[in-house]
Amino acid sequence: LLVTATPPWLLVLSGLGLPLLIGVGELVLYLAGAALVFHVDWGRAEWGVVVLLLVLALAHTATLGLVVAAAIIVVKRGDALVTVLTGVLALLTGIFYPIEVLPPLLQWPARALPLTHALRALRQALFHAGAPGEIAGALLVLTGSTVVLAPFAAWLLNRALAYARREGSLAGF
């Protein structure tokens, strides 16, 4: 597909449909499971804010995916890169534990990651546990970083595709 006249942006968007649908289905199952099994009360959740945060986090993560895709096209070894990036993001964004338990040397990069702010705001919106200013700050950080990173990621992917076309290495995928 990459050697056809199909625009790269269309290929990227086409590949998002099924994984996105599966992800939404899993999210609904997790939320329903939490309510049924653990008796979590979702009545106080700010669902509009939750959806907005999820959409912005998805957009931000998609831009990171474009950067990784560009690297994979150039170096042809994506497994290790994806594994390392996923591990670092899981470690630093507070997915499994609060970032405050990290050593101080790792706390500052954790606070610099937009996804850290997104996860914290998402928890606050789900459990109505945070000040609106904190959620607004996270929305601003996530939106700003995505707006800055998206054009760079698109440019980088186009450069990687141009390089691979010149080298004749697109057939290797």
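Scanning both residues, Ala160 and Ile73, for their nearest heavy atoms gives O-CG2, 3.5 Å. Of all heavy-atom pairs between His117 and Ala138, the closest is O-CB, 3.4 Å.
Put simply, CG on Leu161 and CZ on Arg159 are 10.5 Å apart, with the number rounded to the nearest 0.5 Å. Here the CG-CZ distance, from Leu157 to Phe152, works out to 11.5 Å after rounding to the nearest 0.5 Å. Annotation: the span from Leu119 atom CG to Leu113 atom CG amounts to 10.5 Å, rounded to 0.5 Å. The structure places CG of Leu91 at 5.5 Å from CG of Leu102, a figure rounded to the nearest 0.5 Å. Summarising the geometry, atom CG belonging to Leu52 is positioned 14.5 Å from atom CH2 belonging to Trp47; distances are rounded to the nearest 0.5 Å.
Listed for the Thr86 side chain is no donor-acceptor partner under 3.5 Å among the backbone atoms of Thr83. Proximity of a side-chain donor or acceptor of Trp42 to a complementary backbone N or O of Leu31 within less than 3.5 Å is detected. For Thr116 (side chain) and Ala110 (main-chain N/O), a donor-acceptor pair under 3.5 Å exists by modelled atom type. Remark: the backbone N or O of Leu140 is not paired with any side-chain donor or acceptor of Thr143 at under 3.5 angstrom.
Residues Leu115 and Leu92 are not in side-chain contact: their nearest non-hydrogen atoms beyond the backbone lie 4.5 Å or more apart. Contact annotation: the side chain of Phe127 approaches that of Val40 to within less than 4.5 Å [non-hydrogen atoms, C-beta and beyond]. Arg111 is listed as a side-chain neighbour of Ile99, based on a closest heavy-atom distance under 4.5 Å.
Paired with Leu56 under the rule side-chain contact (heavy atoms from CB on, under 4.5 Å), one option of Leu139, Thr146, Val141 passes, and it is Leu139. Each of Leu58, Val51, Val50 was evaluated against Leu54; a single residue qualifies, Val50, per the side-chain contact (heavy atoms from CB on, under 4.5 Å) test.
Taken together through direct or relayed side-chain contacts under 4.5 Å among Ile, Leu, Val, Met, Phe, Trp and Tyr, Tyr97 and Val88 form part of one hydrophobic cluster.
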- Item | Leu66/Leu149 under side chain to side chain contact (heavy atoms under 4.5 Å, CB included): CA gap, chis, key distance, verdict | CA-CA 10 Å; Leu66 292 178; Leu149 185 59; over 6 Å; no
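Here Glu100 pairs with Arg120 in a salt bridge; the nearest charged N to carboxylate O distance falls below 4.0 Å.
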